[in-house]
There are 2 protein chains.
Amino acid sequence: MGITERKAREKELRRNAIIDAAEKIFFSREMDTATMDDIAEAAELSKGTLYLYFKSKEDLYLAITRRGLDILIDMFSKAVKKKKYGIQKIYAIGLAYYSFSRKHPDYFNAMTYFLAHSQEFNENTPTAMECALAGDRPLIIVRDSLIKGIEDGTIRSDINPSETAIILMGQSNGLIQILSKNLEHFKNMHPQFNLKSAENIIDHAFNLIHRSLEPST
Amino acid sequence: MGITERKAREKELRRNAIIDAAEKIFFSREMDTATMDDIAEAAELSKGTLYLYFKSKEDLYLAITRRGLDILIDMFSKAVKKKKYGIQKIYAIGLAYYSFSRKHPDYFNAMTYFLAHSQEFNENTPTAMECALAGDRPLIIVRDSLIKGIEDGTIRSDINPSETAIILMGQSNGLIQILSKNLEHFKNMHPQFNLKSAENIIDHAFNLIHRSLEPST
DNA sequence: CTAATATATGACTTATAGTCAGACAATGTA
DNA sequence: TACATTGTCTGACTATAAGTCATATATTAG
């Protein structure tokens, strides 16, 4: 009989409904001012029930991070598929990453939070483990594209693709973060710098990266 | 009479003693598990007194961040002075930054925290304002070095020094962060990537950056 | 219809940031 | 020295929010 299956399905639905409610709450204030009581109310459940589905507030936030990662992985995969040559794939990934950070700033923040705290709670809950696993996918996509580029001659062959993938991911993270958090501050404090839009700066960064990856002439 | 001055001096001393105690506590656990009661005990003061010197727990943490920024600015300044050419200065700054993150990981974490939350509390307390001001100094040092490099011909002239300074700072932040938080994880999960040490990867990153900044031949 | 199981509840416990009325100490005045 | 004033410190108290658990309710099985 399908009762067990139906129950499992219902449980999954409820779990997702809780994550939906949590997103509403987390995304409407700063992460640390959202309360479990608020989330419970938004989900039309009691607080105790939340803890039947998630080990802790952090675990629930991690489930949101997980959703963000899935979106990001999807965007990376599509970006890579669209382009033929390695260097084009890298460029497309970069654009996709920036586009993700603009379209889904809350998911981006969640991922930044996860990145900053990952070693504290890694693999303590199923959700954390899933995040750790999913978190590696973007890196692998970048690495594969670098390898492709080396093979097709659009990327210099004396780079180490694994290390370069980490470098590019780390750098992109940091750049997007500083632009989203501090660009306005910099503009206000140093008008004489004539800083352009984030898009302009990202574009500048792409030029630099392109130059560092292209084969020597 | 010098009583007013002496009192001011004593107040400053006590303030610093509290920051000392706070560092002991913050640096011995994760930021969010440190309690004001613990800090009060370590400072041999009552909790109420802490709040006479700092507006909040976050404000106290910001005072620690401030110390880290001062150290970093000092290291950047010295690095820049040691070298003659622009590109050498940039390289020296990069080394200094990495070295800072290894010698003072707790200060580095504090700065990362500040960077991630700066727009939330900017300029709400004197300490926050000082941090915002001091936080700009590294960027300016990088920018000046880029300008110097363009002038002395060691850096290509078609980059925008202000934008490139932001790019380099953001990228460096992100790279150091990912290496300190996730390199071990990557090594464990993907042994086939044959990842080397953080130093190796940093070195690789320097090569890439150098290539992107050097004048075209 | 009853027992067994699964799910949900919300009052309760615990932990901790932040407050404040009163205690105590240092300085100024006569 | 005595007393007033000002500055500093205290810790019990309040408020808030995470997480728990005994109990209630709903669902399924026999």
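Every chain is numbered from 1, with letters handed out A, B, ... down the list of sequences. All heavy atoms count here, side chains included; hydrogens, waters and symmetry mates do not.
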**Q.** Residue pair A:Tyr61, A:Tyr113: steps toward the ring pair (Phe, Tyr, Trp, His ring centres under 6.0 Å) verdict
**A.** CA-CA 10 Å; A:Tyr61 196 54; A:Tyr113 179 86; 5.3 Å; yes
Q) Do the rings of A:Phe193 and A:His190 sit parallel, tilted or perpendicular, given the 30° and 60° boundaries? A)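 Rings of A:Phe193 and A:His190: parallel, as their planes differ by under 30°.
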Q) Is A:Ala34 touching bases, backbone alone, or none of the nucleic acid, heavy atoms closer than 4.0 Å? A)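 If one applies the 4.0 Å heavy-atom cut-off, A:Ala34 turns out to touch the sugar-phosphate alone, with no base involved.
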Q. Just checking A:Ala40: base, sugar-phosphate only, or nothing, at a heavy-atom cut-off of under 4.0 Å?
A.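 Nothing, no heavy atom under 4.0 Å.
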Distance check needed: [N] [atom2] versus [X] [atom1], whole Å only.
X: A:Leu13; N: C:dT7; atom1: CG; atom2: P; value: 13 Å
X: A:Glu10; N: C:dA8; atom1: CD; atom2: C1'; value: 14 Å
X: A:Tyr51; N: D:dT20; atom1: OH; atom2: C1'; value: 10 Å
X: B:Lys57; N: D:dT16; atom1: NZ; atom2: C1'; value: 14 Å
X: A:Met36; N: C:dT9; atom1: CE; atom2: C1'; value: 15 Å
X: B:Asp32; N: D:dG19; atom1: CG; atom2: P; value: 12 Å
X: A:Phe54; N: D:dA18; atom1: CZ; atom2: C1'; value: 16 Å
X: A:Glu41; N: D:dA17; atom1: CD; atom2: P; value: 13 Å

Q) If you draw a 6.0 Å radius around CZ in B:Arg102, do more than 12 non-hydrogen atoms from other residues or ligands fall strictly inside? A)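 Result for CZ/B:Arg102: open.
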(Q) On a heavy-atom basis, which atom in B:Asn200 and which in A:Glu163 lie closest, and how many Å separate them? (A)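 What the structure gives for the nearest pair is O-OE1, 4.2 Å.
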Q: Give a yes or no answer on whether the side chain of A:Lys57 reaches the backbone of A:Ala34 with a donor-acceptor pair at less than 3.5 Å.
A: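 Yes; judged by distance alone, with no hydrogens or angles, the pair exists.
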**Q.** Test item: B:Ile202 and B:Phe206 side chains (from C-beta on) under 4.5 Å apart, heavy atoms
**A.**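 Heavy-atom side-chain distance check passes, below 4.5 Å.
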Give me the distances for all protein-to-nucleotides 7-12 of chain D N/O pairs that come in under 3.5 Å?
| from | atom 1 | to | atom 2 | distance (Å) |
| --- | --- | --- | --- | --- |
| D:dC9 | OP1 | B:Arg14 | NH1 | 2.4 |
| D:dC9 | OP2 | B:Tyr53 | OH | 3.0 |
| D:dT10 | OP2 | B:Ser46 | N | 3.0 |
| D:dT10 | OP2 | B:Thr49 | OG1 | 2.9 |

